[in-house]
Amino acid sequence: MEDLVIKLVETEEEMEGALGVRFRVFVAEQQVPAEEELDEFDATATHAIAVYQGTVIATGRVMYGNEDAAARIGRMAVDAEWRRHGVGGQILRFLEEEASSQGVNTYVLNAQVYVKDFYAAHGYVERGDEFLEADIVHILMRKEAES
């Protein structure tokens, strides 16, 4: 997949592409209410996208200033036809590297339980009990960067 580019969102058009993926995955597929999908953190988060031949096919974001100085990764979404091709893992690594470049070496995220094995395969460890977020069962997961 040499035509695949993972990058930071830099333009309004790229942000629209990222939101398009999120709406296809979370709102259309998973029935998350649109008003819950967009939040106040979108304006200040650092967003990444995967672009294939000019089309945004995946996204994720990272936020700083959270509990115990950890970077919070979230809104990870990959278009259905691109799942299980390593795109999500590339977005996740990109966001971790971005956080590390900001001096943050601890990452946390709320994983949907059905994909927790994906995050575990990338070094994340479950913390605490399962909980509902947007009527979907999640679990807090955490990773310490290798030093």
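Values below: all heavy atoms of this structure, side chains included; hydrogens, waters and symmetry mates excluded.
- Checking Leu95, Leu109, Val21 one by one against Met76, the side-chain contact (heavy atoms from CB on, under 4.5 Å) holds for a single residue, Leu95.
- Separating the OG1 atom in Thr44 from the CE atom in Met63 is a distance of 7.5 Å, to the nearest 0.5 Å.
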Review point. What do the steps show when you test His138 against Ile136 for side chain to side chain contact (heavy atoms under 4.5 Å, CB included), and what is the final call?
Key: CA-CA 6 Å; His138 286 72; Ile136 300 170; 3.7 Å; yes
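- Between Trp82 and His85, the two ring planes are perpendicular [angle over 60°; tilted spans 30° to 60°].
- Neither Val113 nor Val32 shares a network with the other; the hydrophobic side chains, linked directly or stepwise wherever heavy atoms of I, L, V, M, F, W or Y lie under 4.5 Å apart, form separate groups for each.
- Residue Glu40 places its CD atom among more than 12 non-hydrogen atoms of other residues, nucleotides or ligands, all under 6.0 Å distant.
- In this structure, Arg75 pairs ionically with Asp39, as a charged nitrogen and a carboxylate oxygen lie closer than 4.0 Å.
- Val27 and Leu132 fall into different hydrophobic clusters, where Ile, Leu, Val, Met, Phe, Trp and Tyr residues are linked whenever their side-chain heavy atoms come under 4.5 Å apart, directly or through other members.
- Grouping the Ile, Leu, Val, Met, Phe, Trp and Tyr side chains by contacts below 4.5 angstrom, directly or via other members, places Val25 apart from Ile91.
- Of the residues listed (Leu4, Val56, Ile6), the one engaging Val51 in a side-chain contact (heavy atoms from CB on, under 4.5 Å) is Val56, and it is the only one.
- A distance of 5.5 Å separates CZ in Arg22 from CZ in Arg61, rounded to the nearest 0.5 Å.
- Across all their heavy atoms, Gly89 and Phe118 have their closest contact at N-CZ, 3.6 Å.
- The heavy-atom pair separating Ala71 from Val104 by the smallest distance is N-CG1, 3.3 Å.
- With 3.5 Å as the limit, one finds a donor-acceptor pair spanning the side chains of Gln112 and Gln30.
- In terms of heavy-atom proximity, Ala28 sits nearest to Gln31 at O-NE2, 2.7 Å.
- The aromatic rings of Tyr107 and Tyr124 are tilted relative to each other, their planes meeting at an angle between 30° and 60°.
- To the nearest 0.5 Å, the span separating CZ on Phe26 from CG on Leu38 amounts to 11.5 Å.
- Listed for the His47 side chain is a donor-acceptor partner under 3.5 Å among the backbone atoms of Asp42.
- Side-chain contact check for Met141 versus Ile139: some heavy-atom pair is nearer than 4.5 Å.
- For CD of Glu81, the number of neighbouring non-hydrogen atoms (other residues, nucleotides, ligands) closer than 6.0 Å is greater than 12.
- Under a 3.5 Å cut-off, the side chain of Glu14 and the backbone N or O of Glu10 do form a donor-acceptor pair.
- We find that Arg24 and Glu29 are not joined by a salt bridge, their nearest charged nitrogen and carboxylate oxygen being 4.0 Å or further apart.
- The residues Glu96 and Lys143 are annotated as salt-bridged, a charged nitrogen and a carboxylate oxygen being separated by less than 4.0 angstrom.
- Contact check for Leu140 versus Glu130: no side-chain heavy atoms found under the 4.5 Å cut-off.
- Residue Ala48 comes nearest to Thr59 through the heavy atom pair O-OG1, 2.8 Å, listed as atom of the first residue, atom of the second, then distance.
- In this structure the side chain of Ile73 reaches within 4.5 angstrom of the side chain of Leu92, judged on heavy atoms.
- The number of heavy atoms from other shown groups lying within 6.0 Å of CZ (Arg127) is above 12.
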Review point. Which is it for Leu19 and Glu16 under the side chain to side chain contact (heavy atoms under 4.5 Å, CB included) test, yes or no, and what are the steps along the way?
Key: CA-CA 5 Å; Leu19 293 175; Glu16 288 172 8; 5.7 Å; no
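- Thr106 and Glu144 are linked by a side-chain donor-acceptor pair at a separation below 3.5 angstrom, with hydrogens and angles left out of the test.
- Inter-residue side-chain proximity for Phe94 and Leu8 is flagged as met; some heavy-atom pair is nearer than 4.5 Å.
- Contact of the Ile57 side chain with the Val78 side chain is not registered, since no non-hydrogen atoms from C-beta on lie closer than 4.5 Å.
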